[in-house]
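A short worksheet on the structure shown next.
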Amino acid sequence: MTESAETYDLILRGAEVLTPNGRQACDVAVSGGRIAGLGDFGGARAAMTLDLEGLTVLPGVIDTQVHFREPGLEHKEDLESGTRAAALGGVVAVFEMPNTKPSTLDAAALEDKLARARGRAWTDHAFFMGSAAENAEALGELERLPGCCGVKIFMGSSTGSLLVEDDETLREVLRCGHRRVAVHCEDEDRLRERLELVRDGADVAMHPEWRDAETALRATRRLLRLSREVGRRVHVLHVTTAEEVTELARHRDIATCEVTPQPLTLAAPECYERLGTLAQMNPPIREARHRAGLWEGVNQGLFDVVGSDHAPHTLEEKGGDYPRTPSGMPGVQTLLPLLLDHHAAGRLTLERLVDLTSAGAQRLYGLVGKGRIAVGYDADFTIVDLKARREITGAWLASKSGWSPFEGMTVTGWPIFTILRGNIVMREDELQSTPIGEPLRFQDTLQPDV
Ligand code: DOR
């Protein structure tokens, strides 16, 4: 598209843009919150023009796994602080997990979260429906409610009380509904058998021994077998073992999968020696051979998305004695800086980064109008400086938990603007205006509202 007499709301000028055609030097015009065109808009008029010489425009980053703790655990995080951290980190939309207090198990709990997010969320958002024996039959209806991104299954217990541990219940949950189901794969029986390794107190370096690679692999294999039997598509969350990478490659017709930045960046035993219980998460960070296996999964095109598994706990809670310390670490704000740093180090192409942080989410979950810089799509952009070298500091972090395992790390690559539906939400580490986040829309919801 070339210049026209039309006046646009916004024109992004002079940057390199990651479009469906590849990396292009072009302008992007925005009208009514949507992308009006890509091309040369040099002579066009606009209410606002951003001159972005030297910067790179990515599709708005979508984080498909965050725990924002509201309702019930707001001393760790809430929807305002969690989405604030997201926007500061270049994220335009989040999928939030159901292990809040109460757990998200019915329409009222989902509606409550949507109502709480109204006027307080800095990013667009959707919520997972938790699964349990008691709501299994209703899941087919529940997963299609507006604002719901799908169903989440915990096969192994982690933070909160959600658990679907036996094959019978798992089969039942998989039978009820059609959308892709997101699953935490750790085998609860094996976790129980091995708990004695740490039960009476142990060094946190034992975490990946207790919750070992076999614990994850066994659950993933069970899930794949049942999903094939039932004919239900699944999404394996936060893969941590080299063995699962090999296994999942054989099931691309029914299974997609996620990797998080933590096990791509850290490895045992070093992370436990340096960070102690701050490095404790489920499934655990493992030794370097698994990290190499995960990178192989990235490079082979296995992983579909990167989610942060943002799981904030306070420093006080994390400061207790292992294994009573909670598992999880904040990450929504550092997701993109870490990936940009891996890009700068030559481990990840920018095209692959884009697929993992936006296009993948759109493809997996049937997001409407998000995930690519294309005419007619929402004008969501994460504008980055690929060369900026910045330190991740406590002052920059917005999570209520107030810490990051990556504090003190200097990264190459930084988000400079977060633009949501044509509105500048973050500019140079400062939030702009007010929270304008809205519920995300999906192809499979009951009232698609399109
Ligand atoms: O480490 C984790 N923390 N893994 C999970 O599955 C849950 C999460 C949390 O909510 O704290």
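Both counts, for ligands and for their atoms, begin at 1 and track the order of listing. Because the structure is a prediction, the values reported are computed rather than measured. Residues take their numbers from the sequence shown, with the count starting at 1.
- Counting heavy atoms closer than 4.0 Å to ligand 1, residue Met329 contributes nothing at all.
- Annotation: atom 7 (C) of ligand 1 to nearest protein heavy atom, Ser158 OG, 3.3 Å.
- Ion pair Lys152/Glu96 not flagged as a salt bridge, since none of the NZ, NE, NH1 or NH2 atoms sits closer than 4.0 Å to an Asp/Glu carboxylate oxygen.
- Between Arg116 and Pro71, the closest side-chain pair of non-hydrogen atoms falls below 4.5 Å.
- Per-residue contacts place Asn282 under 4.0 angstrom from the following atoms of ligand 1 (heavy atoms of the residue considered): 1 (O), 2 (C), 4 (N), 5 (C), 6 (O).
- Ligand 1 places these atoms under 4.0 Å from at least one heavy atom of Phe154: 6 (O).
- For atom 9 (C) of ligand 1, the closest non-hydrogen atom on the protein side is Thr159 OG1, 3.1 Å.
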Working for salt bridge (charged side-chain N to carboxylate O under 4.0 Å, His left out), residues Arg352 and Asp355: CA-CA 5 Å; Arg352 186 76 177 106; Asp355 193 55; 3.4 Å; yes

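- Taking the six-membered ring for Trp and the full ring otherwise, the centers of Phe127 and Phe68 sit at least 6.0 Å from each other.
- Proximity of a side-chain donor or acceptor of Arg218 to a complementary backbone N or O of Glu186 within less than 3.5 Å is not detected.
- Below 4.0 Å from some heavy atom of His313 lie the following atoms of ligand 1, by number and element: 11 (O).
- Of all atoms in ligand 1, listed by their number and element, those nearer than 4.0 Å to a heavy atom of Arg69 are 9 (C), 10 (O), 11 (O).
- Shown in contact with Met281 at under 4.0 Å from a heavy atom are these atoms of ligand 1, numbered in order with element: 1 (O).
- With Glu317 as the partner, the salt bridge (charged side-chain N to carboxylate O under 4.0 Å, His left out) test is satisfied by one option alone out of Lys400, Arg69, Lys76: Lys76.
- Taking only nitrogen or oxygen atoms, main chain and side chain alike, Gly328 reaches within less than 3.5 Å of ligand 1.
- Atom 3 (N) of ligand 1 has as its closest protein heavy atom Ser327 O, 2.9 Å.
- Relative orientation of the His238 and His184 rings is perpendicular, given thresholds of 30° and 60° on the angle between their planes.
- The main-chain N or O of Val230 is never found under 3.5 Å from a side-chain atom of Arg171 such that the two would form a donor-acceptor pair.
- When each atom of ligand 1 is checked for a heavy atom of Ala311 under 4.0 Å away, the hits are 3 (N), 8 (C), 9 (C), 11 (O).
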